[in-house]
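Taking it in order: structure first as structure tokens, then the write-up.
Just so you know, residue 1 is the first one in the sequence shown, and it goes up from there. Keep in mind it's a predicted model, so treat the numbers as computed, not measured.
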Amino acid sequence: MSTSPLYTASASLQPTSGWRVVYFDAANRGECLRLLLTVADVEFEDIRLPFPSGVKPYKPAACGDRSPLPFGQLPIVQHATEGGCVSIGQTVAAAQYIAALTGLAPVDDAAAMARATSACVGIQEMYDALFYGSFIPRMVTKVLCGSVCFAPARALARYRLRGKYEKCFSTFERWLRTTKAGDVAFLAGPSLSYADVCLFDCIEGVEDCGFFEPADRASAYPLVTKLYDHVAALPAVAAYLAKRG
């Protein structure tokens, strides 16, 4: 289990050694990178910046070619060794890089590796459709009227997102039906990979917003649910989520 602090306010542009995840002080798009390093039992520096101003010192406008942000955006994962420091932007690429170096990627199987990457691209589309589709109205509801408007906001969000929810979950349920080889079906090959952790993170984020819940998927998408439960039960993940709160 990583002993990284959950909150760090500021940092240099790159680490001198080891791993670092740089993102805002939230779960959202960078959480799967933290989870991957946690599952791999790799210590990392968890840089959490205030939104939105915290990223400014890292941007090319502030530090030119020294900027570690390939596209001027977060999250990034940074990995420093004696050969220098690598900074990888875009969530899927960063997740793949972590996995390739920590044993969570099927690097010896080109087809499985491509499936894992394909799944992660689809998971990011699911993130856009369902997580941010839930997160933004949830935050607006919280700011405007707290818990008073939650019930009607939840009903409206479920109505508007139901089609996207069913499309996303049925896609991964069908995917898992084609790869099932044991008690738990994984997205890329016969064992856990970074794609499975990323799917877990997306589902956890969607359900944490409160518009959808485990009961919505438990019977309709049993293979997705079984994979989610498998990742949730990993000791490192359980300990991380308990610490995060």
Problem - Heavy-atom closest contact (Leu187 atom, Asp196 atom, distance) - result: N-OD1, 2.9 Å
Exercise for the section: Could you check if a side-chain atom of Cys198 sits within less than 4.5 angstrom of a side-chain atom of Met126, using non-hydrogen atoms only? Expected result: no
For residues 131-143, please give each side-chain donor-acceptor pair under 3.5 Å, one per line with the distance, not counting sequence neighbours.
unit_1	atom_1	unit_2	atom_2	d
Ser134	OG	Leu130	O	2.9
Arg138	NE	Cys209	O	3.4
Thr141	OG1	Pro137	O	2.8

Completion exercise
The reported gap from CG in Leu192 to CZ in Phe200 (rounded to nearest 0.5 angstrom) is 11.0 Å
Handout entry: Note, Leu234 side chain near Val197 side chain (heavy atom, < 4.5 Å)
Key = no
Problem - Over 12 foreign heavy atoms within 6.0 Å of NZ, Lys164 - result: no
Exercise for the section: Could you note down all residue pairs passing salt bridge (charged side-chain N to carboxylate O under 4.0 Å, His left out) where residues 212-228 supplies at least one of them, sequence neighbours left out? Expected result: Arg154-Glu213, Arg158-Asp216, Arg162-Asp216, Asp183-Lys226, Glu207-Arg217
Problem - Chi angles and distances behind the side chain to side chain contact (heavy atoms under 4.5 Å, CB included) call for Tyr240, Glu31 - result: CA-CA 11 Å; Tyr240 176 86; Glu31 188 70 350; 3.0 Å; yes
Fill in the blank from the handout: Residues Gly30 and Val21: closest non-hydrogen pair is O-CG1, 4.4 Å
Exercise for the section: Treat each ILVMFWY residue as a node, draw an edge where side-chain heavy atoms are under 4.5 Å apart, and state whether Val92 and Val206 are in one component. Expected result: no
Practice task
Looking only at non-hydrogen atoms, find the nearest pair between Gly89 and Ala93 and report the distance.
Solution key: O-CB, 3.6 Å
Exercise for the section: Could you tell me whether the side chain of Lys167 and the main chain of Phe169 form a donor-acceptor pair under 3.5 Å? Expected result: no
Exercise for the section: Look up atom CG in Asp208 and atom CD1 in Ile203, then write down how far apart they are to the nearest 0.5 Å. Expected result: 13.5 Å
Completion exercise
Exactly one of Arg20, Gln78, Gln14 clears side-chain hydrogen bond (donor to acceptor under 3.5 Å, both in side chains) with Ser87, and that residue is Gln78
Practice task
Mind listing the closest non-hydrogen atom pair of Gly54 and Pro57 along with its distance?
Solution key: O-CD, 3.2 Å
Practice task
Flag the pair Leu161 / Phe212 as yes when at least one side-chain heavy-atom distance between them is below 4.5 Å, and no otherwise.
Solution key: yes
Exercise for the section: Identify the heavy atoms of Cys120 and Ala195 that sit nearest to each other, and give their distance. Expected result: SG-CA, 3.7 Å
Problem - Straight-line distance of Leu199 CG to Leu176 CG, nearest 0.5 Å - result: 7.5 Å
Problem - Same apolar cluster: Leu241 and Leu36, side chain cutoff 4.5 Å - result: yes
Problem - Sub-4.5 Å side-chain heavy-atom contact between Asp201 and Tyr127 - result: yes
Problem - Test item: side-chain donor near acceptor, Gln124 and Arg29, under 3.5 Å - result: yes
Problem - Residue pair Ala26 / Arg48: nearest heavy atoms and the distance that separates them - result: O-NH1, 4.1 Å
What side-chain donor-acceptor pairs closer than 3.5 Å can you find for residues 101-114, not counting sequence neighbours?
unit_1	atom_1	unit_2	atom_2	d
Thr102	OG1	Ile98	O	2.8
Asp109	OD1	Ala111	N	3.1
Asp109	OD1	Ala112	N	3.1

Please set out all donor-acceptor pairs under 3.5 angstrom arising from side-chain atoms of residues 62-77, sequence neighbours excluded.
unit_1	atom_1	unit_2	atom_2	d
Ser67	OG	Tyr58	O	2.5
Ser67	OG	Leu69	N	3.2
Gln73	OE1	Gln90	NE2	3.3

Handout entry: Connected via hydrophobic side-chain network under 4.5 Å: Ile47 and Phe51
Key = yes
Handout entry: Approximate separation, where rounding is to 0.5 Å, of Glu173 CD and Thr178 OG1
Key = 10.5 Å
Problem - Spacing of Glu43 atom CD and Thr38 atom OG1 [to the nearest 0.5 Å] - result: 10.5 Å
Exercise for the section: Tell me, please, which residues at least two apart from Tyr97 pass side-chain hydrogen bond (donor to acceptor under 3.5 Å, both in side chains). Expected result: His79
Exercise for the section: Answer with yes or no whether the side chains of Thr117 and Gln96 bring together a donor and an acceptor at under 3.5 Å. Expected result: yes
Problem - Set of residues satisfying side-chain hydrogen bond (donor to acceptor under 3.5 Å, both in side chains) with respect to Glu204, sequence neighbours excluded - result: Arg244
Exercise for the section: Please work out whether the ring planes of His230 and Phe186 are parallel, tilted or perpendicular, with thresholds of 30° and 60°. Expected result: perpendicular
